[in-house]
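For the numbers below, each heavy atom of this structure counts, side chains included, while hydrogens, waters and symmetry mates do not.
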Amino acid sequence: MTNADGVVLPKPEAQWNAEDEKKWLYDWKARNVLISSLGVDGYYHVSHCTTAKSIWDSLQVAHEVTKEVKQARINTLNQEFGLFHMKHGKIIIDMKKWFTHLLNCLNALGKPVSNEISTNKVLRCLNRE
């Protein structure tokens with residue numbers, strides 16, 4: 001409801017009609033889904049929110065990725081990719097897991113590495129063992 005000053009206030013429950021109850025139920029379900037998908041830290045971040053929309057907005061602000069942050073992450077991953085090598089005493093499965101993680105992160109940030117480059121990198125970084 002909008003009061004005389006033009007401020008939007010929640011409608012008192014006594015004045016709710018069937019449509020208002022339906023909207024409240026949808027909001028309650030959405031809040032439940034959002035809150036149940038969060039960990040403890042995430043829950044404490046949004047516990048003050050009263051609507052699903054406010055929870056969503058709060059989560060978007062908390063996890064916002066700016067162009068600068070994205071570019072810094074890409075630079076870090078590219079550097080790790082460039083310095084990637086098989087460490088002495090490690091097994092090839094561990095190396096593959098870390099290499100796949102690097103490739104997946106770069107792909108998720110919109111900087112995929114071609115199969116040719118990744119294959120050559122793996123072949124060059126293997127040790128004699």
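- The shortest side-chain heavy-atom distance between Val7 and Thr2 does not fall under the 4.5 Å cut-off.
- Evaluation of the side-chain hydrogen bond (donor to acceptor under 3.5 Å, both in side chains) rule for Asn78 yields no partner, not counting sequence neighbours.
- Not counting sequence neighbours, the partners of Asp27 by the salt bridge (Lys or Arg N to Asp or Glu O under 4.0 Å) test are Arg31.
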Atom pairs and distances, side-chain donor-acceptor, residues 67-77, under 3.5 Å, sequence neighbours left out:
residue, atom, partner, partner atom, Å
Glu68, OE1, Thr66, OG1, 3.4
Gln71, NE2, Asn75, OD1, 3.0
Asn75, ND2, Gln71, O, 3.4
Thr76, OG1, Ala72, O, 3.0

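- In this structure, OG in Ser118 is found 11.5 Å from CG in Leu102, a value given to the nearest 0.5 Å.
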Would you tabulate the side-chain donor-acceptor contacts of residues 8-17 under 3.5 Å, counting partners in other chains and residues two or more places apart, or write 'none'?
residue, atom, partner, partner atom, Å
Lys11, NZ, Asp20, OD2, 2.8
Trp16, NE1, Lys11, O, 3.1
Asn17, OD1, Glu19, N, 3.1
Asn17, OD1, Asp20, N, 2.8

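- Residues Trp56 and Val61 are members of separate hydrophobic clusters, defined by side-chain heavy-atom contacts under 4.5 angstrom among Ile, Leu, Val, Met, Phe, Trp and Tyr.
- Inter-residue side-chain proximity for Leu59 and Val46 is flagged as met; some heavy-atom pair is nearer than 4.5 Å.
- Between Cys125 and His85 the shortest heavy-atom distance is CB-CA, 3.6 Å.
- Closest approach of Cys49 to Ile55, counting heavy atoms only: CB-CG1, 3.4 Å.
- The side-chain hydrogen bond (donor to acceptor under 3.5 Å, both in side chains) search around Lys53 returns Asp57, not counting sequence neighbours.
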Legend entry - Working for side-chain contact (heavy atoms from CB on, under 4.5 Å), residues Phe81 and Leu103: CA-CA 8 Å; Phe81 182 80; Leu103 293 178; 3.9 Å; yes
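- Note: the hydrophobic cluster containing Leu83 does not contain Met86 (ILVMFWY, side chain heavy atoms under 4.5 Å, direct or indirect links).
- Heavy-atom neighbours of Leu25 CG from other residues, nucleotides or ligands within 6.0 Å: above the threshold of 12.
- The one candidate from Val122, Ile117, Leu123 that meets the side chain to side chain contact (heavy atoms under 4.5 Å, CB included) condition with Thr119 is Leu123.
- Met95 is not listed as a side-chain neighbour of Lys90, based on a closest heavy-atom distance of 4.5 Å or more.
- Among residue pairs with one or both ends in residues 93-116, none qualify as side-chain hydrogen bond (donor to acceptor under 3.5 Å, both in side chains); sequence neighbours excluded.
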